[in-house]
Amino acid sequence: MMFTHADGNPILNLDDDQSWRLLEGTKHGRLVVTVAGEPDIFPVNYAVGDRKLYLRTAPGNKLAELTINSKVLLEADGILADEAWSVVLRGTARVLDNSADIAAAESLGLKSWVPTLKDFYVEIEPVSLSGRHFQFGEQPEREF
């Protein structure tokens with residue numbers, strides 16, 4: 001087990017350090033953006049640096065939408081044979097436009113998964129972070 005649960009509770013709320021450790025070890029998730037009340041979701045790979053998330057993207061809906069509304073959410077999770085976890089990061093996205101910020105993002109070694117040009121770096125500054133760890137098991141019987 002990744003984490004110890006107290007009192008046999010199958011759900012554990014993770015602290016920030018535990019959640020960051022999971023984000024740093026995963027490198028992929030789903031980015032949620034919202035424009036005019038309409039949500040959109042994109043699979044992304046990312047890198048972590050100084051407790052911020054960085055991703056690369058090309059011109060398109062994702063870039064346009066996070067530019068219009070910089071409030072974003074990223075969810076990452078993992079599922080194993082007998083346990084699972086989920087981390088949700090709410091934050092503010094910004095497209096990096098100065099050479100020092102871009103160089104810092106590039107130093108994280110973030111590579112695109114697919115062989116397409118992704119010339120834009122995006123930084124997500126966290127506003128809040130929450131994580132949960134789950135131990136799998138049988139549903140208990142209801143007591144009457």
Side-chain angles (χ1 to χ4, degrees), residues 1-140:
M1 280 292 154
M2 287 183 196
F3 301 102
T4 302
H5 292 227
D7 304 323
N9 188 340
I11 301 170
L12 172 67
N13 290 318
L14 303 176
D15 64 29
D16 283 358
D17 289 335
Q18 293 167 321
S19 295
W20 278 110
R21 190 170 71 216
L22 292 170
L23 285 175
E24 289 167 350
T26 302
K27 311 289 190 222
H28 63 276
R30 285 157 299 286
L31 179 72
V32 179
V33 296
T34 306
V35 174
E38 292 295 321
D40 214 345
I41 189 166
F42 301 93
V44 296
N45 65 306
Y46 62 85
V48 176
D50 296 325
R51 291 206 167 180
K52 295 178 185 176
L53 292 179
Y54 295 87
L55 57 100
R56 292 177 72 168
T57 191
N61 288 349
K62 182 184 345 159
L63 183 62
E65 291 173 17
L66 66 83
T67 302
I68 292 169
N69 181 1
S70 63
K71 305 256 186 271
V72 299
L73 181 142
L74 183 125
E75 191 263 347
D77 54 31
I79 302 171
L80 303 171
D82 58 351
E83 62 186 323
W85 59 268
S86 178
V87 174
V88 174
L89 181 143
R90 287 174 174 76
T92 304
R94 74 178 178 100
V95 177
L96 301 181
D97 58 5
N98 75 52
S99 58
D101 288 343
I102 292 168
E106 286 177 340
S107 74
L108 299 173
L110 181 60
K111 302 288 185 208
S112 177
W113 280 350
V114 293
T116 58
L117 292 175
K118 297 200 179 336
D119 293 330
F120 294 91
Y121 283 90
V122 175
E123 173 191 86
I124 301 174
E125 173 84 37
V127 172
S128 69
L129 182 68
S130 62
R132 297 192 303 164
H133 181 262
F134 310 98
Q135 292 178 333
F136 295 159
E138 295 296 319
Q139 177 176 323

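- Under the 4.5 Å side-chain criterion, counting only non-hydrogen atoms from C-beta, Thr26 is in contact with Trp85.
- Glu38 places no side-chain N or O within 3.5 Å of a backbone atom of Val35 that could act as its donor or acceptor partner.
- Taken to the nearest 0.5 Å, the CG atom of Asp15 stands 12.0 Å off from the OG atom of Ser130.
- The shortest non-hydrogen separation linking Met2 to Glu83 is N-OE1, 3.0 Å.
- Considering OG1 of Thr67 and CD of Glu65, their distance stands at 9.5 Å, rounded to 0.5 Å.
- Residues Leu73 and Val88 have side chains in contact (heavy-atom distance under 4.5 Å, counting atoms from C-beta outward).
- Applying the side chain to side chain contact (heavy atoms under 4.5 Å, CB included) test between Ile124 and each of Leu66, Leu53, Val48 identifies Leu53 as the sole match.
- Aromatic ring orientation, His28 versus Trp113: tilted (interplanar angle from 30° to 60°).
- Atoms CG and OG, on Asp97 and Ser99 in that order, are 10.0 Å from each other to the nearest 0.5 Å.
- Of all non-hydrogen atoms in Thr34 and Pro39, the two that sit nearest each other are OG1-CA, 4.0 Å.
- Counting only heavy atoms from C-beta outward, the side chains of Phe134 and Asp77 never approach each other to under 4.5 Å.
- Salt bridge Asp40/Lys62: absent, no basic N to carboxylate O contact under 4.0 Å.
- Here the closest non-hydrogen pair linking Ala58 and Leu63 is O-CB, 3.7 Å.
- Note that CD1 of Ile102 is 9.5 Å distant from CZ of Phe120, once rounded to the nearest 0.5 Å.
- Residue-environment remark: CG (Leu117) stays at or below the threshold of 12 foreign heavy atoms within 6.0 Å.
- Phe42 places none of its side-chain heavy atoms less than 4.5 Å from the side chain of Leu55.
- Put simply, CG on Leu14 and OG on Ser86 are 9.5 Å apart, with the number rounded to the nearest 0.5 Å.
- Pairing each heavy atom of Tyr46 with each of Gly29, the nearest pair is CE2-N, 3.9 Å.
- Here the CD atom belonging to Glu106 is positioned 6.5 Å from the CZ atom belonging to Arg56, to the nearest 0.5 angstrom.
- Within 6.0 Å of CG in Asn9 there are more than 12 heavy atoms belonging to other residues, nucleotides or ligands.
- Across all their heavy atoms, Ala105 and Tyr121 have their closest contact at CB-CD2, 3.6 Å.
- The residue from Lys52, Arg94, Lys71, Arg51 that alone fulfils the salt bridge (charged side-chain N to carboxylate O under 4.0 Å, His left out) condition with Glu125 is Lys52.
- Tyr54 approaches Leu110 most closely through the heavy-atom pair O-CD2, 3.5 Å.
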